[in-house]
Amino acid sequence: MIPKFNGLEFGIVVAMFVIVTALGFTATRWKRATSLASVEEWGLGGRRFGTWVTWFLIGGDLYTAYTFVAVPALLFGTGAAGFFAVPYTIAVFPLVMFVAARMWSVCHEHGYVTAADFVRGRHGSPFLSLLVAITGIAATIPYIALQLTGIKAIVEVMGIGGDWPLWIAFIALAAYTWTSGLRAPALIAFVKDILIYVMVLVAVIYIPYKLGGYDVIFHRAATALKGATPPASTLLAGPQYLGYSTLALGSALALFLYPHAVTGVLATRDRSVVKKNMSLLPAYSLMLGFIALLGYMALAAHVKPVGGTAKAPDSTTIVPVLFNSQFPHWFAGIAFGAIAIGALVPAAIMGISAANTFARDIYRPYIRRNASDREEGLVSQIVSVILKLGAVAVIVTLKVSFAIEFQLIGGVIVIEILPAVVLGLYTRWFHRWALVVGWLAGMGLSVYMLYVTPGKTTDHFGSASFALSTWGFDTKVTIWTGLVGLVANLVVTTVLTLVFAKLPRGRDETSPSDYEEVEAPPMAMGGQAAGAV
Amino acid sequence: MHNQPRSRRRHPIKLLLLIPLIAVLIPPFYNFADPGIGGMPFFYWYQLAWVAGVAVITGIVYLATRSRS
């Protein structure tokens, strides 16, 4: 099917893009900052965001355009296994609730902006901090690139040729992120999420109504999956259990280790805002669950993906194609605009957080020790632009499927900082050099396991699900690679901590009370801290 | 040291947080088609229902552990 260009649809998407860009620039004046010339103001919005802003910001940050296109594409291609995104986004909140609260407290007390800042202060090890910084940045770059696949899918389905829309979208994004910092995506997230909620609500009522109900959808999807190669099902097969639960658990453990998630948590006004949001954010998971089912609706509507190659069609286009075939053009235009804006919000936050990590944990400690706050802020701004334009260049020159494979690797590598960051929030028992070697061991094993995993079109780095048969087990069972790497990391770290007992330990600049809730109401203190910036 | 007040960190209500983890991370509990609701197999509506479940449980834990000031 060759997509047809529609003027009304295109006009609506362009109008939405223009409005959002204008919002991005006006965000500079939001929450009245005197000057944005520091990482604290530019990159954390002055740590002033309350419950509602945080709900939109973290929601817009974690549930990305990639989620909207890739999760339904997974169900479209692999059936029930793709639904792992729902248990994943359920498990993350109880797991993270108190960890994130402790992280907020200690970072607020010591002015930490990134996870690597915390690791340096806690373990007294600039080298461990460098590893954490590099891991975070390496995991984020392909994630930024991947946001573009959301926009690319929309552009392809709208029947527009060329890569110029990607360049325009990201240049505008780079421009208003430069001027407004984290305030831009925080403000745009309101618009984005309201649009997405409307889109999903309409889609999950209107499309089943047109197709004849959920009964018909699941029935037709099951039939289509049975005939696919390889055959799949709307229920899990026994050997898929371990892969399903380890992927959900591992992804949940990894999510809040990403720099952009840490940024969302640290930008909040106080600790209770973080905890409260852990019970408010699941609303997004409900939406995600219904979005996932769009994959089955696409199967039921006999949607054919556009783009890609004959051997590996670009299945990320199925949701836009489904919308195009089911909705009138004006509503398809709104939905496309929503998905495209949904790519810009997380891309902005990811760019900011990775840039903050570079400026604070690589530039200042290793390149210019006596950099001023102003210089650090400027470095962060420049790096944020480079990251975004670099991401466009990567997507334009490399094949898209390549980027998706890298995203799978993102979760697998970022989980390797869990011992240094999360365990570090609770105990100082682990030795800093044991954590370093543990990181090396876990990362080495994970990368090796990814390397020997073939994909549909590649021999290496094909999937983050590792087939146990690779190691000679006579089974079809797979396991999420990252969890194996994490266990290896933990074992090595524990053993070496015992071995290194006599080696000197790093200086811990934090004290136990820094991690707990402040007893006195935080109002006055917060005001002072904000005023001192 | 024995008569220190119980730390807020060890609040027993936090154990509630284990319930949604066990409920959704063990697929044999819910990998069935029946009973369906409105044409949606059990596998799907059970997991979607736990989204509401986790919101309620984290909400209870939040209310129970927040500081009174």
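In what follows, chains carry the letters A, B, and so on, assigned in the order in which the sequence lines appear, proteins first and then strands, with residues in each chain numbered from 1.
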Quiz item: Between A/Phe218 and chain B, which part of the residue has a heavy atom less than 4.5 Å away: side chain, backbone, both or neither?
Solution: side chain
Self-check item: Greatest number of heavy atom pairs closer than 4.5 Å to chain B - which of A/Phe93, A/Phe98, A/Tyr214, A/Phe290
Solution: A/Phe98
Practice problem: Take the angle between the ring planes of A/Trp52 and A/Trp55 and call it parallel below 30°, perpendicular above 60°, tilted in between. | Solution: perpendicular
Exercise. Please state whether the side chain, the backbone, both or neither of B/Tyr46 comes within less than 4.5 Å of a heavy atom of chain A.
Key: neither
Quiz item: Would you say the side chain of A/Ser285 lies within less than 4.5 Å of the side chain of A/Tyr88, judging by non-hydrogen atoms?
Solution: no
Quiz item: Pick from A/Tyr515, A/Phe84, A/Phe83: which one has the most heavy-atom pairs with chain B under 4.5 Å?
Solution: A/Phe83
Quiz item: What option among B/Val24, B/Val56, B/Val51 has the most heavy-atom pairs under 4.5 Å with chain A?
Solution: B/Val51
Quiz item: Should A/Gln326 and A/Leu211 count as side-chain neighbours, where that means a heavy-atom distance under 4.5 Å?
Solution: yes
Quiz item: Between A/Leu249 and A/Leu95, is any pair of side-chain heavy atoms under 4.5 Å apart?
Solution: yes
Exercise. Sort out for me which of A/Leu235, A/Asp215, A/Leu286 touches chain B most, counting heavy-atom pairs under 4.5 Å.
Key: A/Leu235
Exercise. Counting only heavy atoms closer than 4.5 Å, note whether A/Thr89 contacts chain B via side chain, backbone, both or neither.
Key: neither
Quiz item: Looking at B/Trp50, B/Tyr62, B/Phe32, which has the largest count of heavy-atom pairs under 4.5 Å with chain A?
Solution: B/Tyr62
Quiz item: Which bit of B/Leu48 is near chain A, if near means a heavy-atom gap under 4.5 Å: side chain, backbone, both or neither?
Solution: both
Self-check item: Greatest number of heavy atom pairs closer than 4.5 Å to chain A - which of B/Gly38, B/Pro20, B/Pro41
Solution: B/Pro41
Quiz item: Is it the backbone or the side chain of A/Leu293 that comes under 4.5 Å from a heavy atom of chain B, or both, or neither?
Solution: side chain
Practice problem: Just say parallel, tilted or perpendicular for the rings of B/Phe42 and B/Trp45, cut-offs at 30° and 60°. | Solution: perpendicular
Quiz prompt | Steps toward side chain to side chain contact (heavy atoms under 4.5 Å, CB included) verdict (A/Ile291, A/Tyr63) | solution = CA-CA 11 Å; A/Ile291 289 175; A/Tyr63 300 81; over 6 Å; no
Quiz item: For the ring pair A/Tyr296 and B/Tyr44, is the centre-to-centre distance below 6.0 Å?
Solution: yes
Quiz prompt | chain B contact via A/Ala80 - which portion, at a heavy-atom distance below 4.5 Å | solution = both
Practice problem: Check whether more than 12 heavy atoms from other residues, nucleotides or ligands sit under 6.0 Å from atom NZ of A/Lys476, and answer yes or no. | Solution: no
Quiz item: Quick check, are the ring centers of A/Tyr197 and A/Tyr284 under 6.0 angstrom apart?
Solution: yes
Practice problem: Could you have a look at B/Val54, B/Ile60, B/Ile57 and say which one has the most heavy-atom pairs with chain A under 4.5 angstrom? | Solution: B/Val54
